[in-house]
Undergrad: 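Can you keep this structure in mind? I'll have questions shortly.
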Amino acid sequence: MSGRKPLALAISFGVLILGLYAFRFVSGTHTEYCPLSHMLSDTADCIVLHVSKGRVLIRHRDSFTKDAYFEIIGEGGSQKFDIPEFSLKSGAEKKFRVRLMDNEPDAVTINGARFDLLPLTNAGR
């Protein structure tokens, strides 16, 4: 009898933890392009910024760790890039419009200004 109580407690705890992760998975801000670690995190999100000619530009971000990067997915796979430094002019609206550039695989425009993307220096993301 005494062995059943700890087992029942362990199973209940496991079901509770799995339930919390399942809730995060279905209610989070993520897309089909998010890695599983982002889907299970309540501080991470992935947003599709632009789709053009078979390529998809995604911004991955974790608000807790302040980690953010762009990913471009195309027919030949995916590549991750650092997000370029960009500042808004004072008084400007705080919206960003990020677009892929046709015929330039490593460049984007942010609010119309061209930026070259640098591959991630931390390959573990």
Side-chain angles (χ1 to χ4, degrees):
M1 266 290 194
S2 64
R4 289 186 179 184
K5 200 171 198 177
L7 180 62
L9 183 62
I11 290 173
S12 298
F13 185 70
V15 168
L16 178 66
I17 295 298
L18 287 175
L20 289 173
Y21 276 110
F23 177 74
R24 286 181 181 176
F25 183 78
V26 298
S27 68
T29 305
H30 58 269
T31 68
E32 62 191 83
Y33 302 105
C34 282
L36 185 59
S37 61
H38 286 185
M39 291 181 185
L40 296 176
S41 172
D42 57 349
T43 61
D45 62 26
C46 306
I47 299 171
V48 174
L49 297 172
H50 189 225
V51 178
S52 176
K53 296 186 178 182
R55 297 187 311 150
V56 180
L57 174 65
I58 302 129
R59 194 236 30 227
H60 299 275
R61 179 181 64 114
D62 188 316
S63 60
F64 180 71
T65 63
K66 306 295 185 208
D67 185 32
Y69 60 95
F70 284 151
E71 180 179 19
I72 297 177
I73 299 175
E75 293 177 17
S78 74
Q79 192 169 6
K80 297 175 183 173
F81 300 94
D82 284 321
I83 294 178
E85 293 292 325
F86 181 80
S87 62
L88 293 170
K89 296 176 185 171
S90 61
E93 196 173 327
K94 292 188 178 185
K95 288 188 178 181
F96 293 94
R97 181 181 169 114
V98 184
R99 297 289 178 249
L100 291 165
M101 295 183 69
D102 294 335
N103 303 322
E104 295 201 44
D106 299 341
V108 295
T109 60
I110 301 175
N111 290 350
R114 183 185 189 283
F115 289 88
D116 290 317
L117 296 175
L118 299 173
L120 274 182
T121 54
N122 180 358
R125 292 184 199 179

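Everything numeric in this text was worked out from a predicted model, so none of it was measured.
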Undergrad: Could you tell me which non-hydrogen atom of Phe81 sits nearest to which non-hydrogen atom of Tyr69, and how far apart they are?
TA: O-CB, 3.3 Å
Undergrad: Restricting to non-hydrogen atoms, name the atom on Pro119 and the atom on Asp82 that form the minimum distance, rounded to 0.1 Å.
TA: O-OD2, 3.9 Å
Undergrad: Give me the one residue out of Arg55, Arg99, Met101 that meets side-chain contact (heavy atoms from CB on, under 4.5 Å) with His50.
TA: Arg99
Undergrad: Between CG of Leu49 and CG of Leu57, what distance do you get to the nearest 0.5 Å?
TA: 4.5 Å
Undergrad: Among all residues two or more places apart in sequence or in another chain, which pass the side chain to side chain contact (heavy atoms under 4.5 Å, CB included) test with Ile83?
TA: Arg59, Ala68, Phe70
Undergrad: Could you measure the distance from the CD atom of Glu85 to the CZ atom of Phe115? Nearest 0.5 Å is fine.
TA: 9.5 Å
Undergrad: Any side-chain heavy-atom pair from Glu71 and His60 closer than 4.5 angstrom?
TA: yes
Undergrad: Among pairs that include at least one residue of residues 109-120, which meet salt bridge (Lys or Arg N to Asp or Glu O under 4.0 Å), considering only residues two or more places apart or in two chains?
TA: Glu104-Arg114, Arg114-Asp116
Undergrad: Below 4.5 Å, heavy atoms only, C-beta onward: do Lys53 and Asp102 meet side chain to side chain?
TA: yes
Undergrad: Are Pro105 and Ile72 packed together at the side-chain level, in the sense that at least one heavy-atom pair is separated by less than 4.5 angstrom?
TA: no
Undergrad: Are any side-chain N or O atoms of Asn111 and backbone N or O atoms of Arg97, one a donor and one an acceptor, separated by less than 3.5 Å?
TA: yes
Undergrad: Do Val108 and Leu118 belong to the same hydrophobic cluster, where Ile, Leu, Val, Met, Phe, Trp and Tyr are linked whenever their side-chain heavy atoms lie under 4.5 Å apart, directly or via other members?
TA: no
Undergrad: Can you list the steps and then say if Thr109 with Val98 is a side chain to side chain contact (heavy atoms under 4.5 Å, CB included)?
TA: CA-CA 6 Å; Thr109 60; Val98 184; over 6 Å; no
